[in-house]
Amino acid sequence: MTERRYDPTLIEPKWQHLWEREGTWEVSNDPEDAEGEEKAYVLEMLPYPSGEPHVGHLKNYALGDAIAHFHRRTGQRVLHPMGYDAFGLPAENNAIKTGVHPREATDKSIASYRHWFHRWGISIDWSRELASHQPSYYRWTQWIFLQLLERGLAYRKEAAVKWCPHDQTVLANEQVIDGRCERCGHLVELRQLEQWFFRITDYADRLLDDLDRIDWPTRVKAMQRNWIGRSEGAEVTFRCEDVDPAHPIDYAVFTTRPDTLFGATFFVMAPEHPDVLKLVAGTEQEQAVQDYVNHALTESAETRGDVDKPKTGAALGRTVINPVNGEPIPMYVADYVLMEYGTGAVMGVPAHDQRDYDFATAFHLPIRPVVAPAGEDDPDVSDQAFTAHTDDERLINSGEFTGMDAQAGRDAIVTWLDREGAGHASVNYRLRDWLISRQRYWGCPIPVVYCEKDGMVPVPIQDLPVELPEVEDYQPRGRSPLGAAEDWVNTSCPRCGGPARRETDTMDTFVDSSWYFLRYCDARNDEAPWDRRVLDSWMPVDTYIGGIEHAILHLLYARFFVKALHDMDLLEAEEPFKQLFTQGMILGADGNKMSSSKGNVVAPSQIVERFGADAARCYVLFIGPPEQDAAWSDSGVEGVHRFLNRLWRAADELLAADDRPRPAIQPSDPEGDGLTLVRKANWAIEKVTGDIRGRFAFNTAISAVMELVNEVYRHRDADPEARRFAVATAASLVFPFAPHLSCEVFERLTGERVWEQPWPDADPDMLTAETFELVCQVNGKVRDRVTAPTGAPREELERLAMASRGVQGHLNGDQVVKVIVVPNKLVNVVVR
RNA sequence: GCCCGGGUGGUGGAAUUUGGUCAGACACGGUCGCCUUAAGAGCGACUGCCUUCGUGGCGUGAGGGUUCGAGUCCCUCCCCGGGUACCA
């Protein structure tokens with residue numbers, strides 16, 4: 001065979017077409033086909049199609065593909081599908097600007113993504129492809145919505161919601177970052193609106209507890225725990241008898257420190273609390289309180305949220321009774337108390353809470369310590385005693401509870417409150433229900449209608465999908481653009497047949513992506529979202545790969561969906577993603593996040609055109625540990641390309657001498673350089689396998705193949721059969737990272753399709769040499785190295801070391817105190 | 001503040017499983033050589049710092065400690081990145 005240059009533009013399309021023609025990566029749902037094979041569901045987060053894919057996508061899919069390929073070749077039945085998260089704001093904003101239907105830009109972008117996934121040679125089961133904007137998909141998104149509605153997990157309520165004045169839509173709490181819209185950065189306002197919610201708070205405990213059952217990065221788990229924010233404590237009732245002693249009003253507060261109840265010296269309500277103005281009506285405090293509340297409500301979330309801001313507030317001129325000691329304490333309104341958390345009111349315990357301390361100092365309120373280290377009965381409160389915590393804290397100044405250990409006192413006080421009907425143990429969450437309505441066009445319509453007679457009526461399942469109507473104007477004007485499609489909005493009530501109007505809000509796009517991994521399992525099912533038997537055969541996703549930016553939103557919502565659907569008996573799994581892998585970002589060459597304004601964007605298309613898909617894929621995996629961020633380097637890609645080229649030429653040299661394709665079998669009794677090569681090849685098998693399995697260390701896996709190839713170059717005179725074995729092994733091992741080159745080289749050498757070959761097994765006999773270099777230390781310093789037989793007993797190693805010249809030269813006649821022998825490694829002689 | 005990560009050459013990083021030699025694999029960059037009319041590609045050698053070149057000294061953010069032996073374990077601290085925050 002004539003010499004051939006490594007030309008990715010020739011070999012890559014060749015294999016891509018073959019895989020496509022043969023549907024190589026399609027996997028059947030028929031249990032008959034499984035033949036006892038284990039399943040592996042490998043999934044990368046689906047892309048939001050916008051323009052062309054960028055290097056982050058390349059890394060994401062190169063990672064997932066490597067894992068999918070590895071599982072296939074180790075005998076697993078692999079589901080590796082692809083789809084598009086097609087609804088969303090960028091396409092819609094573009095439509096507002098250009099007047100072109102968002103579907104057009106979206107479909108164009110999808111075509112581009114699809115093209116590049118083929119061009120990168122990602123092993124996708126294309127028969128399951130989906131996009132969330134297709135009626136055949138969102139029909140089932142609506143179906144799931146109706147299931148949630150039926151079980152009370154979807155509901156409508158009027159609430160103060162976060163409103164983005166720029167995007168003209170409400171936002172979920174999770175989409176508000178530092179008081180600003182996560183998408184456009186505008187300050188978020190509060191609006192009182194009737195909106196749709198999903199009752200995710202019902203699942204707070206399970207979402208928290210089940211984190212212990214999944215193999216996710218600790219930091220993602222920590223973020224979710226943080227977000228759910230479970231606090232254990234007690235609800236305590238304070239009674240206000242000032243306004244009308246005949247009709248006392250009870251105010252509950254939540255506290256995590258019921259043990260400090262005797263230290264409450266004041267009581268504070270949030271400015272939004274509905275009773276604040278009622279409490280001061282007609283009193284001399286009315287004007288001052290009114291002014292303060294107005295000020296607090298108009299203040300931006302940002303200013304108000306500033307922890308370092310001095311405490312402000314206004315006295316209400318009323319008191320409440322502390323249930324434990326009957327003491328009246330003054331009431332205030334202050335903006336450091338939030339209406340959204342707990343009950344919107346708190347007890348002020350300045351001796352044991354920083355914020356209460358600051359407030360008490362500003363308003364000259366008494367500070368009474370009630371918890372102190374054992375033996376201290378009069379701790380110094382000027383010094384913020386609450387910050388110090390010791391193990392032996394006891395209650396002081398606490399009536400009948402005085403002297404109890406803090407933990408026991410806490411329990412005793414809660415028990416007492418319960419008995420007296422003045423409180424009970426309670427748990428609070430930071431997590432709020434998920435607000436899913438959006439006043440935008442490009443989303444999944446909410447399938448309900450409003451009838452004058454029957455009120456809110458769900459659209460019957462047989463009428464799904466409620467298709468998105470065509471409109472002229474995509475601009476939201478404080479209400480959904482869907483409202484303008486009069487023909488669509490006006491409909492008849494499914495219940496009474498009378499006139500009705502459709503819901504015009506669409507769903508948050510996170511709803512679409514909360515169940516797509518379920519649909520892949522049975523993507524072409526027209527009768528149901530999935531067949532449960534099929535679904536259960538694939539779920540859960542074994543390995544899920546994506547960016548850390550989805551640590552809270554998407555991953556929490558998807559977990560909620562799976563739990564809710566499980567409770568409806570629609571699937572077996574209780575967690576969607578058994579193992580999660582969060583990849584790091586690829587930064588620009590300057591170390592900054594890639595952005596067109598910085599001019600540091602690397603387009604994968606350019607790299608693929610210049611060096612080929614294999615080099616591009618290998619490079620993004622070789623660049624560093626995949627979970628870490630890494631800066632792009634042009635010379636780095638060249639280096640990887642050089643390596644692939646060297647592998648190609650190593651094969652080419654062999655083929656130039658003998659181009660008969662035949663299985664590359666390990667020579668039975670290699671010697672000399674041949675033995676070195678065979679050993680190195682087996683070492684590489686062991687190393688690459690270990691690096692992929694268990695730890696996703698693709699960077700070191702690739703470097704091991706590089707070492708093997710370097711070794712082949714170092715021993716060009718070795719026995720050709722040993723070289724053939726080494727080169728074919730390198731080609732086989734590099735398959736998950738550079739599949740095209742791997743296929744081409746492997747086929748030319750052996751006549752076989754590499755993906756049909758089982759993953760190689762290392763020959764244990766070739767993993768250890770007969771001898772090793774024994775390190776001989778004296779007092780921990782290396783003084784000699786001698787050759788010793790592998791597996792030699794301790795005594796022999798000790799004898800060899802003691803006899804070595806280096807050790808003898810450093811004993812200096814000192815007394816040998818101890819000899820440490822580490823088999824197959826070293827001997828350390830300790831002398832004095 | 002609280003919760004997660006992390007700090008190793010000029011650079012990205014390696015040293016996996018239970019602490020076990022020689023820290024720095026692999027790659028980038030650099031220096032030199034071969035090949036070439038030349039350039040490029042390719043091939044090969046060297047490349048932590050210091051050095052009075054000695055079988056020399058110093059080196060994994062800083063300081064302590066445990067150990068025959070520490071990048072790896074423990075304590076104290078500093079710095080960087082991320083998440084979260086008047087959440088009671």
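Below, read A as the first sequence line, B as the second, and so on, with proteins coming before strands; counting in each chain starts at 1.
- Checked by atom type, the side-chain pair A:Thr343/A:Tyr251 shows no donor-acceptor distance below 3.5 Å.
- Looking at heavy atoms from C-beta onward, A:Val349 lies out of side-chain contact with A:Tyr357 at the 4.5 angstrom threshold.
- The distance from atom CD1 of A:Ile228 to atom C1' of B:rC2 is 17 Å, rounded to the nearest whole Å.
- Between the P atoms of B:rG56 and B:rC43, the separation comes to 36 Å (whole Å).
- Per the geometry, CZ belonging to A:Arg230 stands 19 Å off P belonging to B:rC3, to the nearest Å.
- Considering A:His715, A:Lys680, A:Arg646 in turn, A:Arg646 is the only one that fulfils the side chain to side chain donor-acceptor pair (under 3.5 Å) rule with A:Asn710.
- Distance A:Arg649 CZ to B:rG44 C1': 14 Å, rounded to the nearest Å.
- When the P atom of B:rU16 is taken as reference, atom CD1 of A:Ile692 falls 19 Å away, rounded to whole Å.
- Taking the ring axis of A:Tyr336 as reference, the NZ or CZ atom of A:Lys311 stays within 45° of it and closer than 6.0 Å to the ring centre.
- When heavy atoms are screened at a 4.0 angstrom cut-off, A:Gly639 is found touching the sugar-phosphate backbone but no base atom.
- Remark: P of B:rU67 and CG of A:Leu826 are 19 Å apart, rounded to the nearest angstrom.
- Between the side chains of A:Thr201 and A:Asp433, at least one donor N or O lies within less than 3.5 Å of an accepting N or O.
- Nearer to the 5' terminus of RNA chain B, by closest-nucleotide assignment, is the contact made by A:Asn699 (compared with the other of A:Asn699 and A:Met706).
- Note on A:Arg225: nothing from the nucleic acid sits closer than 4.0 angstrom, heavy atoms only.
- At the heavy-atom level, A:Ile623 lies under 4.0 Å from the strands shown only through sugar-phosphate atoms.
- Counting heavy atoms from C-beta outward, A:Arg225 and A:Leu208 have side chains that approach closer than 4.5 Å.
- Of all non-hydrogen atoms in A:Val705 and A:Val688, the two that sit nearest each other are CG2-CG2, 3.9 Å.
- Remark: the separation of the C1' atoms in B:rU36 and B:rA23 is 40 Å, to the nearest Å.
- Between A:Tyr619 and A:Trp632, the angle of the ring planes goes over 60°, which puts this pair in the perpendicular group of the 30/60° scheme.
- Between A:Gly624 and A:Val830, the one whose closest nucleotide on RNA chain B sits nearer the 5' end is A:Gly624.
- In this entry B:rG44 has B:rC32 as its Watson-Crick or G-U wobble partner, both defining distances falling under 3.5 Å.
- B:rC43 atom P lies 16 Å from atom NE2 of A:His715, rounded to whole Å.
- Residue A:Pro217 is out of contact with every strand shown, counting any heavy-atom pair closer than 4.0 Å.
- Regarding A:Glu638, its CD atom lies at a distance of 10 Å from the C1' atom of B:rC28, rounded to whole Å.
- Using the six-membered ring where Trp is involved, A:Tyr6 and A:Trp648 have ring planes that are tilted, between 30° and 60° apart.
- Regarding the sugar-base torsion, B:rG12 falls in the anti class, its angle being beyond 90° of 0.
- Pairing for B:rU76 is with B:rA62, a Watson-Crick or G-U wobble pair whose two hydrogen-bonding atom distances lie under 3.5 Å.
- Contact annotation: A:Gln628 side-chain N/O to B:rG13 OP1/OP2 distance is under 4.0 Å.
- With B:rC43, B:rC26, B:rU16 as the choices, the nucleotide that has an atom nearest any side-chain atom of A:Asn710 turns out to be B:rC26.
- Using atom C1' as the reference point in both B:rG29 and B:rG9, the two lie 12 Å apart (nearest Å).
- Residue A:Asn645 places none of its side-chain N or O atoms closer than 4.0 Å to OP1 or OP2 of B:rA41.
- Look at B:rG81: its glycosidic torsion is beyond 90° from 0, and that puts it in the anti range.
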*Could you encode protein contacts along nucleotides 79-88 of chain B as a string, one character per nucleotide from 5' to 3', using B for base contact, S for sugar-phosphate-only contact and - for no contact, with a heavy-atom cut-off of under 4.0 Å?*
----BSSBBB
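- Taking the six-membered ring where tryptophan is involved, the planes of A:Phe359 and A:Phe363 are essentially parallel, since the angle between them stays under 30° and well short of 60°.
- Between B:rC49 and B:rA25, the two P atoms lie 13 Å apart (nearest whole Å).
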_Pair A:Gln224, A:Trp227 - check side-chain contact (heavy atoms from CB on, under 4.5 Å), show working._
CA-CA 5 Å; A:Gln224 292 219 348; A:Trp227 191 262; 5.5 Å; no
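- Remark: B:rA25 base-pairs with no nucleotide in the shown strands. Criterion, Watson-Crick or G-U wobble with two distances under 3.5 Å.
- Taking the C1' atoms as reference points, B:rG40 lies 23 Å from B:rC46, given to the whole Å.
- The base-pairing partner of B:rA14, taking Watson-Crick or G-U wobble contacts with both distances under 3.5 Å, does not exist among the strands shown.
- Here the side chain of A:Arg646 is nearest to one of B:rU21, B:rG44, B:rA15, namely B:rG44.
- Straight-line distance between the C1' atoms of B:rC68 and B:rG82: roughly 41 Å, to the nearest whole Å.
- Of the C1' atoms belonging to B:rA41 and B:rU51, the separation is 39 Å, rounded to the nearest Å.
- Checking B:rG13, B:rC3, B:rA25 against the side-chain heavy atoms of A:Ala222 singles out B:rC3 as nearest.
- Here, B:rG13 and B:rC26 have their C1' atoms 8 Å apart, quoted to the whole Å.
- For A:Arg693 and B:rU16, the shortest distance from a side-chain N or O to OP1 or OP2 is not below 4.0 Å.
- Pairing for B:rA88 is absent, judged as Watson-Crick or G-U wobble with the two contacts each under 3.5 Å.
- Taking 4.0 angstrom as the limit, A:Lys818 places a side-chain polar atom (N or O) nearer than this to OP1 or OP2 of B:rC68.
- In a base pair of the Watson-Crick type (N1 to N3 plus N6-O4 or O6-N4) or a G-U wobble (N1-O2 and O6-N3), with each distance short of 3.5 Å, B:rG71 is matched with no nucleotide.
- Separating the CG atom of A:Asp691 from the C1' atom of B:rU17 is a distance of 12 Å, rounded to the nearest angstrom.
- Among B:rG13, B:rG20, B:rG29, the nucleotide with an atom closest to any side-chain atom of A:Arg642 is B:rG29.
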